[in-house]
J.: 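The following block contains the structure, expressed as structure tokens.
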2 protein chains.
Amino acid sequence: MKGREFKDAMYDGLAKMLKSISNPARLEIIEMLSQGEKSVEGIVQATNLTIANASQHLQVLKNNNIVKSRKEKQYVYYSLVSDDFLSLYQHVIKYAVHEIAELEKIMNRQREDNKSLNAVNLDELETMIGNENVLLLDVRPSVEFEFGHITGAVSIPMNELMTHLKDFSKDKEIIAYCRGPFCVLADEAVKVLSEKGYKVRRLDEGYPEWKIKQLESN
Amino acid sequence: MKGREFKDAMYDGLAKMLKSISNPARLEIIEMLSQGEKSVEGIVQATNLTIANASQHLQVLKNNNIVKSRKEKQYVYYSLVSDDFLSLYQHVIKYAVHEIAELEKIMNRQREDNKSLNAVNLDELETMIGNENVLLLDVRPSVEFEFGHITGAVSIPMNELMTHLKDFSKDKEIIAYCRGPFCVLADEAVKVLSEKGYKVRRLDEGYPEWKIKQLESN
DNA sequence: CAAGTATTCAATACTTTTATTGAATACTTG
DNA sequence: CAAGTATTCAATAAAAGTATTGAATACTTG
């Protein structure tokens, strides 16, 4: 193989892989799957996609070795192929949110609307764990909590938050988190709770970021 | 801004950025620019692109804040916008080369052809520097060496290699490196030198990977 | 094994990306 | 300021990616 052929083959292959993740619908699917495996139906419910379209995007991701599937009963469950990919995906997000002015602006506007501008990051969180006066709140659906969560977190899915208000003390500092920087559940939680007079901030990132950080520090 | 709008805006923006680097020609341009700034003409010489086409791709990268340009005399020089991007790009390469079977196969075939299968990685290299019996050889064009190189390396551009053969001792172990895993200069150097009976291996990665590693360990 | 459900496939129209061509612009140098 | 060079722009045709639709498949359950 000549040098030019080798280069072309490598860059073509690389571009093909990158293309497979360069689509808003597929990025959202990846984000969903970073919480754990989901059926096609589960993905459809969380996104605006039709079933056929979601299935098609999943095939693209599968052909590029980003996701894998297993069949159980009538359902097909998809999940990310490896933590190495998850780590790469998070690097992309982190770069985009910090280095692309346009995206940073959109994110700040969103956080402003939800009074969640002064977010806590993972490093800060670490100094807070074990502190009696801090309550770490996981507002994702409970399936996702059960699949994995940040050590010490309490699960109260967003849609049950209002009925659990009485459980919270207004003296404690509440840190709400969900799926990651793009997830709006924690923003909503901050909005609701702060309007009721609680001390609450959101975690900048989410469960998968915490998980990868744990893995990488070992 | 409602949750759905926010998500759509973020995923659209993210996809747009990823699309800008999901093209073989643009990936090759990025690789060139990771060695230092280059004029449009310089990029054209190193690739198979026409001038107009290269310029067009450069505009795409510029609009997505991947590269920046400056004008000096008649020439426009392009360079990568930040080391943060370079670090992300290298994460992508590393993932692709290790996790995508197809690309791994192409790379191994290439290395086999050039007798450079048992490459040295950056960690191993670190244990070798200062060793009198190891010669670290930079075979990139000398402009690139001057722009920056691995500490302790000696510059002998690939096209001058044959005329410098007499300078090498067959007792020393030679480690050849160039622009990175996709660069074929080091492979060629290994082929030539090993056929002449020298003890030679290539470095798995290249100058930019070394540089980012230095930056990140501080 | 018939009915029902989950998923994929195949075909289509639509949109976006890409390479190519030739002209336009901007700058330098004699 | 005319001639030459480097780069970009604009228009086009070809190729690739995307969403939608309806049919086909595969599996479960009664």
Side-chain angles (χ1 to χ4, degrees), chain A residues 4 7-9 11-30 32-33 37-79 143, chain B residues 4 7-9 11-30 32-33 37-79 143:
Chain A
R4 188 71 248 167
K7 278 188 180 179
D8 285 347
Y11 289 122
D12 284 355
L14 198 47
K16 184 165 162 285
M17 186 276 277
L18 284 170
K19 258 181 198 154
S20 79
I21 63 171
S22 301
N23 171 286
R26 291 200 287 274
L27 287 167
E28 191 171 6
I29 290 175
I30 289 169
M32 287 305 301
L33 295 184
E37 69 172 19
K38 293 258 188 303
S39 66
V40 179
E41 206 185 5
I43 288 164
V44 166
Q45 284 171 2
T47 59
N48 268 346
L49 301 171
T50 63
I51 297 186
N53 198 3
S55 172
Q56 216 165 304
H57 283 306
L58 283 163
Q59 300 315 308
V60 174
L61 291 174
K62 197 176 172 185
N63 291 335
N64 283 277
N65 247 285
I66 306 294
V67 308
K68 60 181 191 287
S69 64
R70 75 183 174 85
K71 191 155 195 178
E72 188 184 316
K73 302 202 174 167
Q74 329 69 323
Y75 304 99
V76 178
Y77 293 93
Y78 284 88
S79 55
V143 221
Chain B
R4 188 70 248 168
K7 278 188 180 178
D8 285 346
Y11 289 124
D12 283 355
L14 197 48
K16 184 166 162 285
M17 185 277 277
L18 283 170
K19 257 181 198 152
S20 79
I21 63 170
S22 301
N23 171 286
R26 292 199 288 273
L27 286 168
E28 190 170 5
I29 290 176
I30 290 169
M32 286 305 301
L33 296 184
E37 69 171 19
K38 293 259 189 302
S39 67
V40 179
E41 206 186 5
I43 288 164
V44 166
Q45 283 170 0
T47 60
N48 267 346
L49 301 170
T50 63
I51 296 186
N53 199 4
S55 172
Q56 217 165 302
H57 283 305
L58 283 163
Q59 299 315 309
V60 173
L61 292 174
K62 198 176 172 184
N63 291 335
N64 282 277
N65 248 285
I66 307 294
V67 308
K68 59 180 192 287
S69 65
R70 73 182 175 86
K71 190 154 194 179
E72 188 184 317
K73 299 203 177 168
Q74 334 60 329
Y75 304 99
V76 178
Y77 293 93
Y78 283 87
S79 55
V143 221

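Each chain gets a letter, A, B and so on, in the order its sequence line appears, and its residues count up from 1.
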J.: Can you give me the N/O atom pairs linking the protein to nucleotides 20-25 of chain C at distances under 3.5 Å, or say none if there are none?
T.:
residue : atom : partner  : partner atom : Å
dT20(C) : O4   : Gln56(B) : OE1          : 3.0

J.: Please report, rounded to the nearest Å, how far the P atom of dA26(C) is from the CD1 atom of Ile51(B).
T.: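 So the two atoms are 18 Å apart, to the nearest Å.
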J.: How many whole angstroms separate atom CD of Glu41(B) from atom P of dC27(C)?
T.: 18 Å
J.: Do the side chain of Ser55(B) and the main chain of Ile51(B) share a donor and acceptor less than 3.5 angstrom apart?
T.: no
J.: Output, in order, the C-alpha distance, side-chain angles, deciding distance and verdict of side-chain contact (heavy atoms from CB on, under 4.5 Å) for Tyr77(A) and Glu72(A).
T.: CA-CA 8 Å; Tyr77(A) 293 93; Glu72(A) 188 184 316; 4.0 Å; yes
J.: Convert the base pairs of DNA chain C into dot-bracket notation, remembering that pairs crossing earlier ones are written with [ ] and that bases paired across to another strand are shown as |; include only Watson-Crick or G-U pairs under 3.5 Å.
T.: ||||||||||||||||||||||||||||||
J.: Specify the residue among Glu72(B) and Leu58(A) whose closest nucleotide of DNA chain C lies further upstream toward the 5′ end.
T.: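 Between the two, 5'-proximity favours Leu58(A).
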J.: Closest heavy-atom contact between His57(A) and Arg26(A)?
T.: ND1-NH1, 3.0 Å
J.: Could you state the atom-to-atom distance from CD of Gln74(A) to P of dA6(C) in whole Å?
T.: 7 Å
J.: Kindly give the heavy-atom pair with the smallest separation between Ala46(B) and Glu28(B), and that separation in Å.
T.: O-OE2, 3.6 Å
J.: Rounded to the nearest Å, what distance is computed from the CG atom of residue Asn63(A) to the C1' atom of nucleotide dG17(D)?
T.: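 Spelled out: CG on Asn63(A) to C1' on dG17(D) is 14 Å.
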J.: Between Asp8(A) and Arg4(A), does a salt bridge (Lys or Arg N to Asp or Glu O under 4.0 Å) hold up when you go through it step by step?
T.: CA-CA 6 Å; Asp8(A) 285 347; Arg4(A) 188 71 248 167; 3.1 Å; yes
J.: dA6(C) C1' sits how many Å from Tyr78(A) OH, rounded?
T.: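 Rounding to the nearest Å, OH of Tyr78(A) and C1' of dA6(C) are 11 Å apart.
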J.: Run the side-chain contact (heavy atoms from CB on, under 4.5 Å) test on Leu27(A) and Leu18(B) for me, step by step, so that the C-alpha distance in whole Å, both residues' side-chain angles and the decisive distance to 0.1 Å come before the verdict.
T.: CA-CA 10 Å; Leu27(A) 287 167; Leu18(B) 283 170; 4.0 Å; yes
J.: Between Tyr75(A) (OH) and dT29(D) (C1'), how many Å, whole number?
T.: 12 Å
J.: What is the nucleic acid contact for Tyr77(A), judged by heavy atoms within less than 4.0 Å: base, sugar-phosphate only, or nothing?
T.: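 Touches nothing.
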J.: So what does Leu49(A) touch, heavy atoms closer than 4.0 Å: a base, only the sugar-phosphate, or nothing?
T.: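 No contact at all - Leu49(A) keeps every heavy atom at 4.0 Å or more from the nucleic acid.
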J.: Given Lys19(A) and Lys19(B), is the side-chain contact (heavy atoms from CB on, under 4.5 Å) satisfied, shown in steps?
T.: CA-CA 6 Å; Lys19(A) 258 181 198 154; Lys19(B) 257 181 198 152; 5.9 Å; no
J.: Pick out which of Asn63(A), Ile30(A), Asn64(A) makes a side chain to side chain contact (heavy atoms under 4.5 Å, CB included) with Ser20(A).
T.: Asn64(A)
J.: Identify the heavy atoms of Ser69(A) and Tyr78(A) that sit nearest to each other, and give their distance.
T.: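 Minimum heavy-atom contact is CB-CE2, 3.6 Å.
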J.: Quick one: does Lys62(A)'s side chain get under 4.5 Å of Lys68(A)'s, heavy atoms only?
T.: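 Not in contact.
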J.: Provide the closest heavy-atom pair for Ala54(B) versus Ile29(B) in the form atom of the first, atom of the second, distance.
T.: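 Minimum heavy-atom contact is O-CD1, 4.3 Å.
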J.: Hey, which sits more toward the 5' end of DNA chain D by its nearest nucleotide, Ser55(B) or Val60(A)?
T.: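 So the residue in question is Ser55(B).
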J.: For dT17(C), does either OP1 or OP2 sit under 4.0 Å from a side-chain N or O belonging to His57(B)?
T.: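 Answer no for this pair, as no side-chain N or O of His57(B) is under 4.0 Å from OP1 or OP2.
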J.: Figure out the CG/P separation between Leu61(A) and dT8(C), and round it to whole Å.
T.: 12 Å
J.: Does anything in residues 15-29 of chain A reach DNA chain C, meaning a heavy atom under 4.0 Å, and if so which residues?
T.: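 Those residues whose heavy atoms fall under 4.0 Å from DNA chain C, taken from residues 15-29 of chain A, amount to none.
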J.: Any chance you could lay out the side-chain contact (heavy atoms from CB on, under 4.5 Å) test for Ile43(B) and Leu33(B), step after step, and finish with the verdict?
T.: CA-CA 8 Å; Ile43(B) 288 164; Leu33(B) 296 184; 4.0 Å; yes
J.: dT7(C), dT8(D), dT8(C): which one has an atom nearest the side-chain heavy atoms of Gln59(B)?
T.: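 The nucleotide sitting nearest to the side chain is dT8(D).
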